[in-house]
Asks: 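Take this structure first; my questions come after.
Proteins come first, then strands; the chains are lettered A, B, ... in the order of their sequence lines, and each starts at number 1. Here the structure is a predicted model, which is why all the values come from computation and not from measurement.
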Amino acid sequence: MYALVDCNNFYVSCERLFNPALKGVPVVVLSNNDGCVVARSPEAKALGIKMAVPAFQIKELIKKHQIRVYSSNYSFYGDISSRVMATLESLAPQIEVYSIDEAFLDLSGFGQPGSLTDYGQHIRSTVKQYIGIPVCVGIAPTKTLAKLANHGAKSYPRTGGVVDLSAKERQQKLMSLVDVGEIWGIGRKTAEKLQRHGIKTAFQLSQLDLQHAQRVANINLVKTIDELNGVIHYSFDDVPEIRKQLICSRSFAQRMTDYTSLRQTICEFAARAAERLRGEQLACGVVQVFIRTGQFNNNDPGYSNSATARLSAPAADTRTIVKTATDLFDAIWKEGYRYAKSGVMLGEFCDPQTVQQDLFADASVDEESARLMGVIDQINRSSKGKVWFAGQRPYEDWFMKRANLSPAYTTRWSDLPLVR
DNA sequence: TCTGGGGTCCTAGGACCC
DNA sequence: TCTGGGGTCCTAGGACCC
(Lines give C-alpha, C1' and ligand atoms only; values in the text may rest on other atoms or scores of the structure.)
Protein backbone atom coordinates (compact mmCIF):
# COMPACT_ATOMS: atom_id res chain seq x y z
CA MET A 1 0.00 0.00 0.00
CA TYR A 2 1.21 3.48 -0.89
CA ALA A 3 0.42 6.90 0.51
CA LEU A 4 0.93 9.94 -1.67
CA VAL A 5 1.48 13.08 0.36
CA ASP A 6 1.10 16.23 -1.72
CA CYS A 7 1.42 19.78 -0.41
CA ASN A 8 -1.55 22.02 -1.16
CA ASN A 9 -0.63 24.76 -3.64
CA PHE A 10 2.86 24.47 -2.27
CA TYR A 11 4.55 27.70 -3.42
CA VAL A 12 1.62 29.81 -2.24
CA SER A 13 1.62 27.95 1.09
CA CYS A 14 5.35 28.74 1.44
CA GLU A 15 4.76 32.44 0.83
CA ARG A 16 1.96 32.41 3.38
CA LEU A 17 4.17 30.85 6.04
CA PHE A 18 5.99 34.10 6.71
CA ASN A 19 3.38 36.53 5.51
CA PRO A 20 0.06 35.94 7.27
CA ALA A 21 -1.50 38.86 5.41
CA LEU A 22 -1.69 36.50 2.42
CA LYS A 23 -4.18 34.20 4.16
CA GLY A 24 -7.67 34.26 2.72
CA VAL A 25 -6.77 36.48 -0.24
CA PRO A 26 -5.99 35.46 -3.83
CA VAL A 27 -2.27 34.77 -4.36
CA VAL A 28 -0.36 33.48 -7.39
CA VAL A 29 3.28 32.53 -7.87
CA LEU A 30 4.90 32.98 -11.29
CA SER A 31 7.48 30.83 -13.05
CA ASN A 32 11.05 31.90 -13.75
CA ASN A 33 11.19 35.09 -15.76
CA ASP A 34 7.75 35.94 -14.34
CA GLY A 35 6.39 34.01 -17.33
CA CYS A 36 3.35 32.07 -16.27
CA VAL A 37 1.35 31.06 -13.24
CA VAL A 38 2.68 27.97 -11.48
CA ALA A 39 0.81 28.09 -8.17
CA ARG A 40 -2.56 29.50 -7.16
CA SER A 41 -4.28 29.89 -3.84
CA PRO A 42 -7.82 28.51 -3.67
CA GLU A 43 -9.10 32.09 -3.90
CA ALA A 44 -7.13 32.59 -7.12
CA LYS A 45 -8.46 29.31 -8.53
CA ALA A 46 -11.97 30.48 -7.71
CA LEU A 47 -11.37 33.56 -9.89
CA GLY A 48 -10.86 31.22 -12.82
CA ILE A 49 -7.09 31.51 -13.11
CA LYS A 50 -5.82 28.39 -14.80
CA MET A 51 -2.55 26.62 -14.21
CA ALA A 52 0.33 27.72 -16.51
CA VAL A 53 -1.54 30.70 -17.92
CA PRO A 54 0.85 33.46 -19.11
CA ALA A 55 1.02 36.29 -16.58
CA PHE A 56 0.34 39.04 -19.10
CA GLN A 57 -3.03 37.44 -19.94
CA ILE A 58 -4.38 37.95 -16.43
CA LYS A 59 -3.15 41.50 -15.86
CA GLU A 60 -6.65 42.92 -15.70
CA LEU A 61 -7.81 40.23 -13.31
CA ILE A 62 -4.85 40.89 -11.03
CA LYS A 63 -5.66 44.57 -10.85
CA LYS A 64 -9.38 44.07 -10.43
CA HIS A 65 -9.14 41.57 -7.58
CA GLN A 66 -5.89 42.82 -6.09
CA ILE A 67 -4.32 39.41 -6.55
CA ARG A 68 -0.98 39.19 -4.75
CA VAL A 69 1.72 38.16 -7.23
CA TYR A 70 5.07 36.56 -6.37
CA SER A 71 8.09 35.60 -8.44
CA SER A 72 9.36 32.07 -7.86
CA ASN A 73 11.76 31.85 -4.94
CA TYR A 74 13.10 28.36 -5.51
CA SER A 75 15.80 28.37 -2.86
CA PHE A 76 13.15 29.24 -0.30
CA TYR A 77 10.68 26.60 -1.53
CA GLY A 78 13.48 24.04 -1.70
CA ASP A 79 14.38 24.68 1.89
CA ILE A 80 10.78 24.32 3.10
CA SER A 81 10.45 21.19 0.96
CA SER A 82 13.40 19.50 2.64
CA ARG A 83 11.83 20.23 6.03
CA VAL A 84 8.54 18.68 4.94
CA MET A 85 10.39 15.62 3.61
CA ALA A 86 12.38 15.26 6.83
CA THR A 87 9.11 15.24 8.76
CA LEU A 88 7.69 12.56 6.46
CA GLU A 89 10.83 10.46 6.95
CA SER A 90 10.05 10.39 10.64
CA LEU A 91 6.51 9.14 9.94
CA ALA A 92 7.15 6.19 7.61
CA PRO A 93 9.82 3.52 7.28
CA GLN A 94 10.56 4.51 3.68
CA ILE A 95 9.73 7.51 1.55
CA GLU A 96 10.31 8.28 -2.10
CA VAL A 97 10.60 11.98 -2.78
CA TYR A 98 8.79 12.40 -6.07
CA SER A 99 8.96 16.16 -6.59
CA ILE A 100 9.50 19.33 -4.65
CA ASP A 101 6.05 19.04 -3.07
CA GLU A 102 5.19 15.33 -3.19
CA ALA A 103 6.39 12.07 -1.72
CA PHE A 104 5.24 8.47 -1.78
CA LEU A 105 5.30 6.59 1.52
CA ASP A 106 5.57 2.83 1.68
CA LEU A 107 2.83 1.57 3.96
CA SER A 108 3.24 -2.15 3.37
CA GLY A 109 2.59 -4.05 6.57
CA PHE A 110 1.21 -0.92 8.10
CA GLY A 111 -1.83 -1.47 10.30
CA GLN A 112 -5.19 -2.80 9.27
CA PRO A 113 -6.94 -1.54 6.18
CA GLY A 114 -9.42 0.95 7.53
CA SER A 115 -7.09 2.34 10.13
CA LEU A 116 -5.14 3.95 7.32
CA THR A 117 -7.37 7.01 7.23
CA ASP A 118 -6.41 7.80 10.81
CA TYR A 119 -2.79 7.42 9.85
CA GLY A 120 -3.29 9.85 6.96
CA GLN A 121 -4.79 12.36 9.37
CA HIS A 122 -1.79 11.91 11.63
CA ILE A 123 0.53 12.77 8.72
CA ARG A 124 -1.52 15.85 7.91
CA SER A 125 -1.61 17.23 11.40
CA THR A 126 2.06 16.50 12.07
CA VAL A 127 3.30 18.29 8.93
CA LYS A 128 0.93 21.17 9.64
CA GLN A 129 2.14 21.46 13.21
CA TYR A 130 5.88 21.10 12.56
CA ILE A 131 6.24 23.00 9.28
CA GLY A 132 2.95 24.85 8.81
CA ILE A 133 2.30 23.50 5.32
CA PRO A 134 -1.12 21.96 4.57
CA VAL A 135 -1.00 18.60 2.77
CA CYS A 136 -3.45 16.04 1.40
CA VAL A 137 -2.95 12.29 1.61
CA GLY A 138 -4.09 9.62 -0.85
CA ILE A 139 -3.77 5.94 0.08
CA ALA A 140 -4.06 3.08 -2.41
CA PRO A 141 -2.44 -0.14 -3.65
CA THR A 142 -0.74 1.44 -6.70
CA LYS A 143 0.89 4.80 -7.33
CA THR A 144 -1.64 5.73 -10.00
CA LEU A 145 -4.52 5.01 -7.62
CA ALA A 146 -2.72 6.86 -4.80
CA LYS A 147 -2.48 9.86 -7.11
CA LEU A 148 -6.18 9.52 -7.81
CA ALA A 149 -6.93 9.24 -4.09
CA ASN A 150 -4.95 12.39 -3.47
CA HIS A 151 -6.87 14.15 -6.20
CA GLY A 152 -10.07 13.12 -4.45
CA ALA A 153 -8.78 14.38 -1.11
CA LYS A 154 -8.01 17.74 -2.68
CA SER A 155 -11.27 18.04 -4.61
CA TYR A 156 -13.73 17.09 -1.87
CA PRO A 157 -13.32 19.03 1.39
CA ARG A 158 -15.64 16.57 3.11
CA THR A 159 -12.88 13.97 2.97
CA GLY A 160 -10.88 16.02 5.47
CA GLY A 161 -7.88 15.86 3.18
CA VAL A 162 -7.39 12.10 3.36
CA VAL A 163 -8.79 9.44 1.01
CA ASP A 164 -8.16 5.73 1.50
CA LEU A 165 -8.80 3.68 -1.63
CA SER A 166 -7.87 0.29 -0.17
CA ALA A 167 -11.33 -0.97 -1.05
CA LYS A 168 -12.16 -1.80 -4.65
CA GLU A 169 -15.66 -0.30 -4.43
CA ARG A 170 -14.27 3.04 -3.31
CA GLN A 171 -11.75 3.01 -6.18
CA GLN A 172 -14.53 2.47 -8.69
CA LYS A 173 -16.79 5.05 -7.14
CA LEU A 174 -14.14 7.74 -7.29
CA MET A 175 -13.02 6.73 -10.79
CA SER A 176 -16.54 7.15 -12.11
CA LEU A 177 -16.58 10.74 -10.80
CA VAL A 178 -13.23 11.78 -12.24
CA ASP A 179 -12.43 12.90 -15.79
CA VAL A 180 -10.00 10.68 -17.64
CA GLY A 181 -7.66 13.67 -18.12
CA GLU A 182 -7.11 13.88 -14.36
CA ILE A 183 -5.39 10.52 -14.26
CA TRP A 184 -1.62 10.52 -13.73
CA GLY A 185 0.04 9.96 -17.12
CA ILE A 186 -2.95 11.07 -19.21
CA GLY A 187 -2.16 14.47 -20.68
CA ARG A 188 -4.20 16.73 -22.90
CA LYS A 189 -3.50 14.89 -26.14
CA THR A 190 -4.27 11.42 -24.86
CA ALA A 191 -7.38 12.68 -23.06
CA GLU A 192 -8.69 14.16 -26.32
CA LYS A 193 -7.96 10.94 -28.17
CA LEU A 194 -9.73 8.86 -25.53
CA GLN A 195 -12.73 11.16 -25.55
CA ARG A 196 -13.04 10.66 -29.28
CA HIS A 197 -13.31 6.96 -28.48
CA GLY A 198 -16.12 7.69 -26.03
CA ILE A 199 -14.01 7.36 -22.91
CA LYS A 200 -14.74 10.23 -20.59
CA THR A 201 -14.26 9.01 -17.02
CA ALA A 202 -11.39 7.27 -15.28
CA PHE A 203 -13.68 4.30 -14.68
CA GLN A 204 -14.36 3.91 -18.40
CA LEU A 205 -10.61 3.98 -18.97
CA SER A 206 -10.07 1.26 -16.38
CA GLN A 207 -12.45 -0.98 -18.33
CA LEU A 208 -10.70 -0.44 -21.67
CA ASP A 209 -9.34 -3.49 -23.41
CA LEU A 210 -5.54 -3.53 -23.10
CA GLN A 211 -4.84 -4.42 -26.73
CA HIS A 212 -7.19 -1.71 -27.85
CA ALA A 213 -5.36 0.72 -25.55
CA GLN A 214 -2.01 -0.27 -27.04
CA ARG A 215 -3.36 0.52 -30.50
CA VAL A 216 -4.99 3.80 -29.51
CA ALA A 217 -1.91 5.08 -27.70
CA ASN A 218 1.14 3.25 -26.40
CA ILE A 219 2.55 1.00 -23.72
CA ASN A 220 2.29 3.71 -21.08
CA LEU A 221 -1.49 3.82 -21.43
CA VAL A 222 -1.58 0.06 -20.95
CA LYS A 223 0.41 0.41 -17.74
CA THR A 224 -1.85 3.18 -16.50
CA ILE A 225 -4.95 1.03 -17.06
CA ASP A 226 -3.32 -1.86 -15.23
CA GLU A 227 -2.46 0.39 -12.32
CA LEU A 228 -6.07 1.59 -12.12
CA ASN A 229 -6.98 -2.08 -11.69
CA GLY A 230 -4.49 -2.64 -8.90
CA VAL A 231 -1.61 -4.10 -10.93
CA ILE A 232 1.68 -2.46 -9.96
CA HIS A 233 3.92 -1.18 -12.76
CA TYR A 234 5.52 1.73 -10.94
CA SER A 235 7.14 0.26 -7.90
CA PHE A 236 8.44 1.94 -4.80
CA ASP A 237 11.86 3.43 -5.31
CA ASP A 238 13.50 4.85 -2.22
CA VAL A 239 17.01 5.15 -3.65
CA PRO A 240 16.78 7.39 -6.69
CA GLU A 241 18.56 6.09 -9.78
CA ILE A 242 21.34 8.13 -11.29
CA ARG A 243 19.92 10.74 -13.54
CA LYS A 244 20.20 10.41 -17.31
CA GLN A 245 20.80 14.03 -18.17
CA LEU A 246 21.30 17.45 -16.68
CA ILE A 247 20.05 20.62 -18.32
CA CYS A 248 20.97 24.20 -17.64
CA SER A 249 18.90 26.61 -19.71
CA ARG A 250 16.95 29.85 -19.42
CA SER A 251 14.80 32.20 -21.39
CA PHE A 252 16.35 35.65 -21.45
CA ALA A 253 14.74 38.71 -19.95
CA GLN A 254 15.42 40.42 -23.30
CA ARG A 255 16.04 38.98 -26.74
CA MET A 256 19.69 38.68 -27.75
CA THR A 257 21.03 39.35 -31.22
CA ASP A 258 24.81 39.43 -30.95
CA TYR A 259 27.26 36.58 -31.03
CA THR A 260 29.23 37.56 -27.94
CA SER A 261 26.23 37.86 -25.64
CA LEU A 262 24.77 34.54 -26.64
CA ARG A 263 28.13 32.84 -26.41
CA GLN A 264 28.52 34.12 -22.89
CA THR A 265 25.22 32.53 -21.89
CA ILE A 266 26.48 29.21 -23.21
CA CYS A 267 29.67 29.57 -21.17
CA GLU A 268 27.67 30.36 -18.09
CA PHE A 269 25.31 27.41 -18.51
CA ALA A 270 28.19 25.06 -19.28
CA ALA A 271 30.05 26.18 -16.16
CA ARG A 272 26.98 25.83 -13.95
CA ALA A 273 26.14 22.44 -15.42
CA ALA A 274 29.71 21.29 -14.76
CA GLU A 275 29.43 22.50 -11.18
CA ARG A 276 26.22 20.56 -10.63
CA LEU A 277 27.79 17.52 -12.28
CA ARG A 278 30.69 17.56 -9.80
CA GLY A 279 28.25 18.21 -6.97
CA GLU A 280 26.72 14.81 -7.74
CA GLN A 281 30.16 13.15 -8.06
CA LEU A 282 29.61 12.43 -11.74
CA ALA A 283 31.42 12.87 -15.03
CA CYS A 284 29.69 13.19 -18.40
CA GLY A 285 30.40 11.69 -21.81
CA VAL A 286 28.20 13.91 -23.96
CA VAL A 287 27.62 17.65 -24.23
CA GLN A 288 24.74 19.23 -26.13
CA VAL A 289 24.06 22.89 -26.84
CA PHE A 290 20.88 24.50 -28.14
CA ILE A 291 19.79 28.01 -29.09
CA ARG A 292 16.44 29.23 -30.27
CA THR A 293 14.35 32.27 -31.06
CA GLY A 294 10.98 32.98 -29.42
CA GLN A 295 8.16 30.59 -30.19
CA PHE A 296 5.29 32.98 -30.13
CA ASN A 297 6.17 35.96 -32.27
CA ASN A 298 5.15 35.11 -35.80
CA ASN A 299 6.61 38.28 -37.29
CA ASP A 300 10.13 37.23 -36.38
CA PRO A 301 11.90 34.60 -38.43
CA GLY A 302 12.39 31.54 -36.29
CA TYR A 303 15.56 29.55 -35.84
CA SER A 304 16.25 26.65 -33.54
CA ASN A 305 19.20 24.35 -33.59
CA SER A 306 21.24 22.06 -31.42
CA ALA A 307 24.54 20.25 -31.66
CA THR A 308 25.97 17.34 -29.73
CA ALA A 309 29.52 16.20 -29.09
CA ARG A 310 30.93 13.09 -27.50
CA LEU A 311 33.98 13.68 -25.32
CA SER A 312 37.06 11.57 -25.97
CA ALA A 313 36.91 10.57 -22.30
CA PRO A 314 34.26 11.35 -19.64
CA ALA A 315 34.94 14.70 -17.98
CA ALA A 316 33.81 16.87 -15.12
CA ASP A 317 36.28 19.68 -15.69
CA THR A 318 34.65 23.04 -16.34
CA ARG A 319 37.35 23.91 -18.88
CA THR A 320 36.63 20.83 -21.00
CA ILE A 321 32.88 21.28 -20.84
CA VAL A 322 32.97 25.01 -21.56
CA LYS A 323 35.35 24.53 -24.49
CA THR A 324 33.23 21.76 -25.97
CA ALA A 325 30.03 23.76 -25.49
CA THR A 326 31.38 26.94 -27.08
CA ASP A 327 32.73 24.99 -30.06
CA LEU A 328 29.30 23.47 -30.52
CA PHE A 329 27.76 26.91 -30.22
CA ASP A 330 30.03 28.25 -32.95
CA ALA A 331 28.81 25.45 -35.19
CA ILE A 332 25.13 26.38 -34.86
CA TRP A 333 25.29 30.16 -34.40
CA LYS A 334 23.57 32.16 -37.12
CA GLU A 335 23.58 35.91 -37.45
CA GLY A 336 20.37 37.86 -37.85
CA TYR A 337 17.96 36.30 -35.38
CA ARG A 338 16.50 37.50 -32.10
CA TYR A 339 17.35 34.73 -29.68
CA ALA A 340 15.08 34.04 -26.71
CA LYS A 341 16.64 31.03 -25.04
CA SER A 342 19.74 28.90 -24.92
CA GLY A 343 20.91 25.91 -22.95
CA VAL A 344 23.53 23.29 -22.27
CA MET A 345 22.72 19.63 -21.71
CA LEU A 346 25.04 17.00 -20.26
CA GLY A 347 24.47 13.26 -20.58
CA GLU A 348 25.91 9.74 -20.37
CA PHE A 349 27.04 9.97 -16.81
CA CYS A 350 29.52 7.78 -15.05
CA ASP A 351 31.52 7.66 -11.86
CA PRO A 352 34.73 9.67 -12.45
CA GLN A 353 36.68 7.23 -10.25
CA THR A 354 36.09 4.32 -12.57
CA VAL A 355 36.11 5.92 -16.01
CA GLN A 356 37.73 4.48 -19.06
CA GLN A 357 40.81 6.60 -19.57
CA ASP A 358 41.57 8.32 -22.80
CA LEU A 359 44.30 6.23 -24.40
CA PHE A 360 46.48 9.26 -24.96
CA ALA A 361 45.74 11.06 -21.73
CA ASP A 362 48.24 11.81 -19.04
CA ALA A 363 46.93 10.70 -15.64
CA SER A 364 48.59 13.55 -13.79
CA VAL A 365 46.51 15.99 -15.84
CA ASP A 366 43.35 14.37 -14.47
CA GLU A 367 44.57 14.68 -10.91
CA GLU A 368 45.41 18.30 -11.40
CA SER A 369 42.00 18.91 -12.95
CA ALA A 370 40.19 17.32 -10.01
CA ARG A 371 42.20 19.40 -7.54
CA LEU A 372 41.62 22.65 -9.41
CA MET A 373 37.87 22.04 -9.73
CA GLY A 374 37.70 21.12 -6.07
CA VAL A 375 39.25 24.45 -5.10
CA ILE A 376 36.96 26.43 -7.40
CA ASP A 377 33.85 24.68 -6.08
CA GLN A 378 34.98 25.30 -2.54
CA ILE A 379 35.47 29.00 -3.12
CA ASN A 380 32.15 29.37 -4.92
CA ARG A 381 30.26 27.58 -2.16
CA SER A 382 31.84 29.71 0.55
CA SER A 383 30.85 33.28 1.33
CA LYS A 384 34.30 34.54 0.39
CA GLY A 385 33.49 35.37 -3.21
CA LYS A 386 33.21 33.83 -6.64
CA VAL A 387 35.60 32.55 -9.24
CA TRP A 388 34.58 32.17 -12.84
CA PHE A 389 35.99 31.69 -16.29
CA ALA A 390 36.56 34.64 -18.58
CA GLY A 391 33.90 33.64 -21.11
CA GLN A 392 31.10 33.46 -18.59
CA ARG A 393 28.61 36.26 -18.45
CA PRO A 394 27.74 37.57 -14.99
CA TYR A 395 24.27 36.27 -14.37
CA GLU A 396 22.21 39.14 -13.13
CA ASP A 397 22.00 41.49 -16.05
CA TRP A 398 20.44 39.16 -18.59
CA PHE A 399 18.84 36.48 -16.58
CA MET A 400 15.27 36.49 -15.43
CA LYS A 401 12.86 39.09 -14.53
CA ARG A 402 11.87 38.57 -10.93
CA ALA A 403 9.91 41.65 -10.10
CA ASN A 404 8.01 40.37 -7.09
CA LEU A 405 10.45 38.22 -5.18
CA SER A 406 9.79 37.46 -1.53
CA PRO A 407 12.67 37.60 0.98
CA ALA A 408 14.91 34.53 1.45
CA TYR A 409 13.29 33.98 4.84
CA THR A 410 15.12 30.81 5.71
CA THR A 411 18.34 30.89 3.70
CA ARG A 412 19.79 34.39 4.10
CA TRP A 413 20.70 35.89 7.47
CA SER A 414 19.64 39.39 6.51
CA ASP A 415 16.18 38.15 5.48
CA LEU A 416 15.36 36.22 8.65
CA PRO A 417 11.98 37.24 9.97
CA LEU A 418 12.18 39.16 13.24
CA VAL A 419 9.82 38.74 16.19
CA ARG A 420 9.48 41.95 18.13
C1' DT B 1 6.34 43.84 -25.41
C1' DC B 2 5.54 40.07 -22.36
C1' DT B 3 4.45 32.92 -22.89
C1' DG B 4 9.28 28.54 -17.29
C1' DG B 5 12.85 25.09 -16.33
C1' DG B 6 14.15 20.55 -15.67
C1' DG B 7 13.29 16.01 -16.37
C1' DT B 8 11.82 10.99 -18.60
C1' DC B 9 10.20 7.98 -21.99
C1' DC B 10 8.33 6.50 -26.50
C1' DT B 11 7.90 6.54 -31.51
C1' DA B 12 8.76 7.45 -36.27
C1' DG B 13 11.89 7.88 -39.68
C1' DG B 14 16.47 8.02 -41.77
C1' DA B 15 21.03 5.94 -42.45
C1' DC B 16 23.34 2.03 -42.82
C1' DC B 17 24.34 -2.96 -43.10
C1' DC B 18 23.78 -7.67 -45.00
C1' DT C 1 20.30 0.78 -62.86
C1' DC C 2 16.74 -1.46 -60.81
C1' DT C 3 14.94 -4.53 -57.16
C1' DG C 4 13.41 -6.64 -51.32
C1' DG C 5 13.37 -7.83 -46.47
C1' DG C 6 15.20 -7.64 -42.09
C1' DG C 7 17.86 -5.72 -38.71
C1' DT C 8 20.33 -2.04 -35.75
C1' DC C 9 21.37 2.40 -34.33
C1' DC C 10 20.72 7.21 -33.97
C1' DT C 11 18.08 11.45 -33.81
C1' DA C 12 14.26 14.58 -33.68
C1' DG C 13 10.10 15.41 -31.98
C1' DG C 14 6.11 14.52 -29.20
C1' DA C 15 3.86 13.66 -24.86
C1' DC C 16 3.91 13.70 -20.25
C1' DC C 17 5.24 14.99 -15.39
C1' DC C 18 5.97 18.68 -11.63
Side-chain angles (χ1 to χ4, degrees), chain A residues 4 6-7 9-11 28-40 50-60 62 69-74 77-78 81 96-104 143-144 147 150-151 180-194 214-224 233-234 237 240-255 265 269 272-273 276 280 286 288 290 292-300 304-310 338 340-349 399-403:
Chain A
L4 175 65
D6 191 320
C7 301
N9 36 77
F10 181 56
Y11 299 163
V28 299
V29 176
L30 304 181
S31 64
N32 274 334
N33 234 353
D34 289 349
C36 31
V37 172
V38 290
R40 310 155 293 158
K50 298 273 180 260
M51 189 64 175
V53 70
F56 77 95
Q57 283 178 6
I58 56 165
K59 250 162 95 182
E60 295 303 313
I62 289 170
V69 179
Y70 284 86
S71 307
S72 287
N73 191 342
Y74 285 106
Y77 308 148
S81 170
E96 176 190 337
V97 177
Y98 177 68
S99 75
I100 192 165
D101 71 333
E102 286 169 74
F104 289 102
K143 285 184 173 177
T144 305
K147 277 273 193 182
N150 197 290
H151 174 75
V180 68
E182 298 291 341
I183 295 298
W184 191 40
I186 310 289
R188 193 171 50 86
K189 293 281 182 183
T190 310
E192 281 168 13
K193 206 184 279 178
L194 288 168
Q214 170 86 59
R215 277 197 308 275
V216 169
N218 56 34
I219 186 69
N220 287 332
L221 185 63
V222 175
K223 289 183 183 173
T224 296
H233 282 274
Y234 306 111
D237 183 19
E241 291 182 16
I242 358 178
R243 59 160 86 242
K244 308 254 164 76
Q245 55 179 330
L246 188 162
I247 302 172
C248 224
S249 85
R250 289 285 186 288
S251 298
F252 313 136
Q254 269 96 39
R255 298 282 190 260
T265 70
F269 293 142
R272 290 180 72 97
R276 279 169 57 192
E280 303 192 19
V286 158
Q288 185 175 56
F290 71 88
R292 68 167 171 77
T293 55
Q295 302 177 83
F296 300 100
N297 191 341
N298 299 327
N299 302 326
D300 269 0
S304 167
N305 206 351
S306 70
T308 310
R310 181 172 301 276
R338 299 178 66 238
K341 184 174 179 175
S342 70
V344 172
M345 213 178 293
L346 307 181
E348 298 203 356
F349 300 124
F399 156 67
M400 289 217 294
K401 270 181 296 196
R402 297 214 283 186

Asks: Measuring only the C1' atom in each nucleotide, how far is B:dC17 from C:dG4? A whole number of Å is fine.
Replies: 14 Å
Asks: With respect to the phosphate group of B:dG4, does any side-chain polar atom (N or O) of A:Ser249 fall under 4.0 Å of OP1 or OP2?
Replies: no
Asks: How many Å lie between CD on A:Glu348 and P on C:dC10, as a whole number?
Replies: 9 Å
Asks: Where the side chain of A:Ile247 is concerned, which of B:dG4, B:dG7, B:dG5 is the nearest nucleotide?
Replies: B:dG7
Asks: Quick check on B:dG5: is either OP1 or OP2 less than 4.0 Å from any side-chain nitrogen or oxygen of A:Lys341?
Replies: yes
Asks: My validator wants the stems of DNA chain B: runs of 3 or more consecutive Watson-Crick or G-U pairs, both distances under 3.5 Å, written as range with range.
Replies: B:5-18 with C:5-18
Asks: A:Asn33 side chain to A:Ser251 main-chain N or O, any donor-acceptor pair under 3.5 Å?
Replies: yes
Asks: Under 4.0 Å between a side-chain N/O of A:Gln245 and OP1 or OP2 of B:dT8, yes or no?
Replies: yes
Asks: Start with the C-alpha gap between A:Phe104 and A:Tyr234, add the side-chain angles, then the distance that decides, and say whether side chain to side chain contact (heavy atoms under 4.5 Å, CB included) holds.
Replies: CA-CA 11 Å; A:Phe104 289 102; A:Tyr234 306 111; over 6 Å; no
Asks: How does protein reach along nucleotides 11-18 of chain C, written 5' to 3' as B (base within reach of a heavy atom under 4.0 Å), S (only sugar-phosphate), or - (no contact)?
Replies: ----SSSS
Asks: Using atom CZ of A:Arg338 as one end and atom C1' of B:dC2 as the other, report the distance to the nearest whole Å.
Replies: 11 Å
Asks: Classify A:Leu246 by what it touches in the nucleic acid, base, sugar-phosphate, or nothing, heavy-atom distance under 4.0 Å.
Replies: sugar-phosphate
Asks: Any chance CZ of A:Arg243 has more than 12 other-residue heavy atoms, nucleotides or ligands included, within less than 6.0 Å?
Replies: yes
Asks: Look at the side chain of A:Arg276 and decide which nucleotide, out of B:dT8, B:dG5, B:dG7, has an atom nearest to it.
Replies: B:dG7
Asks: A:Tyr98 versus A:Asp6: any side-chain heavy-atom pair under 4.5 Å?
Replies: no
Asks: To the nearest angstrom, how far is A:Tyr77 atom OH from B:dG6 atom P?
Replies: 16 Å
Asks: Could you state the atom-to-atom distance from CZ of A:Phe269 to C1' of B:dG4 in whole Å?
Replies: 12 Å
Asks: Is a side-chain N or O of A:Ser81 found less than 3.5 angstrom from the main chain of A:Ile100, in a donor-acceptor match?
Replies: yes
Asks: Tell me whether the OP1 or OP2 atom of B:dT1 has a side-chain N or O from A:Arg255 closer than 4.0 Å.
Replies: no
Asks: Would you please name every residue forming a side-chain hydrogen bond (donor to acceptor under 3.5 Å, both in side chains) with A:Arg276, sequence neighbours left out?
Replies: none
Asks: Rounded to whole Å, please give me the gap between CG in A:Asn32 and P in B:dG5.
Replies: 6 Å
Asks: In terms of the nearest nucleotide of DNA chain B, which residue is placed more toward the 5' end: A:Asn218 or A:Gly35?
Replies: A:Gly35
Asks: Counting side-chain heavy atoms from CB outward, which of B:dC10, B:dT3, B:dT8 is closest to A:Pro54?
Replies: B:dT3
Asks: Is it true that a side-chain atom of A:Gln245 and a backbone atom of A:Gly347 form a donor plus acceptor pair closer than 3.5 Å?
Replies: no
Asks: In sequence, state the C-alpha distance, the side-chain angles, and the governing distance for A:Ile186 and A:Leu221, and then conclude on side chain to side chain contact (heavy atoms under 4.5 Å, CB included).
Replies: CA-CA 8 Å; A:Ile186 310 289; A:Leu221 185 63; 3.4 Å; yes
Asks: Test your reading of the model: is there a side-chain donor-acceptor pair from A:Ser72 to the backbone of A:Leu30, 3.5 Å cut-off?
Replies: yes
Asks: On DNA chain B, does the nearest nucleotide to A:Tyr74 precede the nearest nucleotide to A:Gln214 from the 5' side, or the other way round? Give the residue.
Replies: A:Tyr74
Asks: Please determine if a side-chain N or O atom of A:Arg250 lies less than 4.0 Å away from the OP1 or OP2 oxygen of B:dG6.
Replies: yes
Asks: Measure CD/A:Gln57 against C1'/B:dG4 and give the value in whole Å, please.
Replies: 14 Å
Asks: Please examine the side chains of A:Thr190 and A:Asn220, heavy atoms only from C-beta on, and report whether any two atoms are closer than 4.5 Å.
Replies: no
Asks: Can you tell me which nucleotide in B:dT1, B:dG4, B:dT8 comes closest to the side chain of A:Cys36?
Replies: B:dG4
Asks: What is the distance from CG of A:Asp237 to P of B:dT8, rounded to the nearest Å?
Replies: 13 Å
Asks: Within this structure, what is the CZ-to-P distance between A:Arg243 and B:dG6, rounded to whole angstrom?
Replies: 10 Å
Asks: Sub-3.5 Å donor-acceptor pair from the side chain of A:Ser31 to the main-chain atoms of A:Val38, do we have one?
Replies: no
